[in-house]
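It should be emphasised that the depicted structure is a prediction, and the values quoted were computed from it without experimental measurement. Every heavy atom of this structure was used, including side-chain atoms; hydrogens, water molecules and symmetry mates were not.
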Amino acid sequence: MDVSTIIRKTLRVPRSTAPAGDGAVVARQMDAVLATAGYKATRELLEHVAGLEPGAATDLAADVVGAARALVGDHVRHNAYFIDFPRGVPDTVEFWVSCLRSAFVPDKRRKATDKELLALLGDGLVGLLDLPRYGRYQHTYAELLAAHDELIASVKDRVTLLRLGGSLEEETRALYRTLAESATPLGEADLGLLADLADGCGDVELAAVPVRENRAVLNAARLTAGRPLVAVDTVLDVLRTACAASGGDVTLAEPTRFRSFSRRERRVLLAALDRVVAGNEGKLGDVNRFSRRFKRLGEYLHPHEYPRFPNARDVFAVARGEKTAQSTAGRAEAAFAADDVAGAAAILTAAPGMLLRSLDRLLRNASEAEQDDVLDAAAKVLGSVSGRVLCSVREHLGNRAEPDAARVFTTRGRRAWVTEDTRPPLPGDVVVRACALIDAELTTRLPRYGHLVVDPAVLDVALPLSGKASEDGFAVLPRGSRSHVDGEVLRFFTHWRQTGRSTDFDLSALLLDADFHYAGHVSWTNLRDGGAVYSGDVTDARDGASEFIDIPRDSVSAAYVVPQVNVYYGEGFDEVAESVFGWMTGDREQAGAPFEARTVRTRSDMRGGGRVALPIVFARCHDGSWTATWLHLYLTGSPNFNRVEANQAGTAGLVRGMLRRRYLTVAHLVGLMRAAGTKVTEWEPGVELDGPVTFLGVHQPDGLPDAAEVITLDRLNRLVPS
């Protein structure tokens, strides 16, 4: 594992083992460069670099600065099409006409009249993308910087601490343990990182691996190393392991093309299947959901060659339809079909997680007498359900006492769509009883902290119940999380770099009123709207391209500002070499270039499968303050030519549904801990803390006791009970 990855994931710098020396000059230089990107090295980190031999100090400092700058997007040169942005952006039509004049008037020493221009154009249609000036930078990055005054520092600028960690081996193993033991599913980037770490950290002892996808990744490494599989208790665990070992999708959302397995690997996989089914044929019921994949896996495992694994052969017999096996879900559906809701609940007690996930449907279709039976069945199995599922169902039920204005569906791939909610709401008293049952169970499982010190900024963060409801990046929060937006000017940006094909991403902003109706937009088709300003359309990203939108908060009357990134043509978000979204805040008098690293509040990857990205929404509150709510959603869009005007209705409905949903936040769990007797103190600079404390916040501040346990964004899922 390299130093940069550790810094990017933990904001800790691995301790170098290089010879001692005098690296004081390097340490001072590193600290100065970090400050320009919004970072501050702690005293321990500076002392460590200063105590290294100068060459080693320089190497470590380069790693630190490179990783820190890349985290906020400062590793590339963010040029803007209009050199004076946000000043000097012309009227849209005037700009298009100027591009036409430049392309069709041969005499550059004079300005052609409109009559001459129309005569040259004739009756033909001209595409903007065909004009030499349109979409291509007309100046260098150095010329852009020269056209802007230097940024004036402000106390409001972001300052992120970088701390000294343990050795590279210690930090690597700690990161491996954090990922493997996560109580919630990891995102794609972290799941890939866990797979990389598993090869070299297989001897690290783990307390538990509660997430099946993580188990599959670890078991794939064990399979390759010739070791037996562990924590396998369903046939799907074996299928996931085979998928992971083949470089496929361990979530089983997409089919996997299996690789050829060695004879030893086939024996290990078949032995695991045999153990799962032995003495419990009910496990065969899971085969039906993925029968085609099991049939394909059987073609690679050759179960007929291993007569000592008869139960494993039954798995593939079910997949081929030669043997029947009714699943728990199938028996429950039969009870539903017979209008026996209480019976369905009783059947589902054999699958506690399935019962909890079906609780809404059960309660919705139950009579008053059956509602008691359903809640009694749920109460009996609560202790066998994972904390992540408990939290997820608790959040769902918290939104079911009233009818939804719209029903929003999201997939693991972060695709989203909206439909009318035709479900009747659940009775209020039933919702209260069900939520009380879940809260009581959660309280028994929550960590026991003697003294919890909480940064108020973390209270509105939605519980990270899945890494698939977020993206990799810097200060990125889970979907539904809300944070305060300060500064007079909000500026968001996108940067992308194509892999092969010419690719045009378009940054846009949809402006909505308080009723979520269209109130305007800013994009390549409308460079200005009220005070909002677009930096100009860049249509080719061979060397990378950046676009910006400025939102002066006191000049924009919209109640909601919805940034969009549209794939106009070319590669998608999951195909380009790089694809990011971020936002900055500052005051007008600060000036500066279009991109200033120390004003960046967040930087998020965009790696969804759709053609329209909706990373976040900004909202104006009744008191004039602004908030940001993370969405991390993608619309399918069209293969080409996506524009903000074309999807405004769908986007508005989606945003309305997402913002009106009540998410289960950190504040809810902190409230349960407080009610259970935990001492909770609100963090503020200068607060005096005695004895051991646990700090809970977005980032670790200065001033905590040396022995304090720290839970920040990279470890926030530890709050979710296992």
In plain terms, say whether [X] and [Y] are close enough for a salt bridge, that is, a side-chain N and a carboxylate O under 4.0 Å apart.
X: D274; Y: R308; answer: no
X: R259; Y: E265; answer: yes
X: K295; Y: E299; answer: no
X: R661; Y: E395; answer: yes
X: D203; Y: R227; answer: no
X: E213; Y: K468; answer: yes

Determine yes or no for a side-chain-to-main-chain donor-acceptor pair under 3.5 angstrom, with [X] supplying the side chain and [Y] the backbone.
X: S246; Y: A242; value: yes
X: S386; Y: V389; value: yes
X: N642; Y: G637; value: no
X: R222; Y: P228; value: yes
X: R267; Y: Y306; value: no
X: S579; Y: V576; value: no
X: R240; Y: A216; value: no
X: K283; Y: A278; value: no
X: N219; Y: V230; value: yes
X: N717; Y: S182; value: no

F309 vs L273, side chain to side chain contact (heavy atoms under 4.5 Å, CB included): CA-CA, chis, key distance, verdict
CA-CA 8 Å; F309 301 133; L273 280 175; over 6 Å; no
To check you understand the geometry: which heavy-atom pair defines the closest contact between T443 and A676, and what is its length?
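So the minimum-distance heavy-atom pair works out to CG2-CB, 3.8 Å.
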Just wondering, are more than 12 heavy atoms of other shown residues or ligands nearer than 6.0 Å to [atom1] in [X]?
X: R257; atom1: CZ; answer: no
X: E333; atom1: CD; answer: yes
X: E322; atom1: CD; answer: yes
X: R264; atom1: CZ; answer: yes
X: R296; atom1: CZ; answer: no

With rounding to the nearest 0.5 Å, note down the distance linking [atom1] in [X] to [atom2] in [Y].
X: D199; Y: T224; atom1: CG; atom2: OG1; answer: 7.0 Å
X: L270; Y: R275; atom1: CG; atom2: CZ; answer: 11.0 Å
X: L284; Y: S327; atom1: CG; atom2: OG; answer: 11.0 Å
X: S604; Y: E471; atom1: OG; atom2: CD; answer: 5.0 Å
X: M673; Y: L446; atom1: CE; atom2: CG; answer: 5.0 Å
X: I616; Y: H632; atom1: CD1; atom2: NE2; answer: 7.5 Å

Given R388 and T184, is the side-chain hydrogen bond (donor to acceptor under 3.5 Å, both in side chains) satisfied, shown in steps?
CA-CA 6 Å; R388 174 176 64 88; T184 58; over 6 Å; no
Under 3.5 Å, is there a donor-acceptor pair linking the side chains of [X] and [Y]?
X: E575; Y: T499; result: no
X: E181; Y: N214; result: no
X: T234; Y: D286; result: no
X: T629; Y: R482; result: yes

Ring-face cation contact, Y634 with R607, 6.0 Å cut, 45° max:
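Not flagged: R607 not positioned over aromatic ring of Y634.
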Show your reasoning for whether side-chain hydrogen bond (donor to acceptor under 3.5 Å, both in side chains) applies to D714 and T10.
CA-CA 6 Å; D714 62 313; T10 68; 5.8 Å; no
Report the C-alpha separation of R212 and D237 in whole Å, then their side-chain angles, then the decisive distance to 0.1 Å, and conclude whether the salt bridge (charged side-chain N to carboxylate O under 4.0 Å, His left out) test is met.
CA-CA 7 Å; R212 294 187 184 276; D237 288 335; 2.7 Å; yes
Give the intermediate values and the outcome of salt bridge (charged side-chain N to carboxylate O under 4.0 Å, His left out) for residues K9 and D472.
CA-CA 9 Å; K9 298 301 297 183; D472 204 24; 3.4 Å; yes
Run R177 and E205 through salt bridge (charged side-chain N to carboxylate O under 4.0 Å, His left out) and show every step you take.
CA-CA 8 Å; R177 190 176 290 109; E205 291 188 13; over 6 Å; no
Show, in sequence, the C-alpha distance, side-chain angles and deciding distance for E254 and R293, and conclude whether the salt bridge (charged side-chain N to carboxylate O under 4.0 Å, His left out) test is met.
CA-CA 10 Å; E254 299 292 338; R293 299 187 204 182; over 6 Å; no
Contact check, side chains of L229 and V232, non-hydrogen atoms, under 4.5 Å:
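Answer yes - side chains close enough.
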Is the F258 ring parallel, tilted or perpendicular to the F261 ring (thresholds 30°, 60°)?
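Ring orientation, 0 to 90° scale: tilted.
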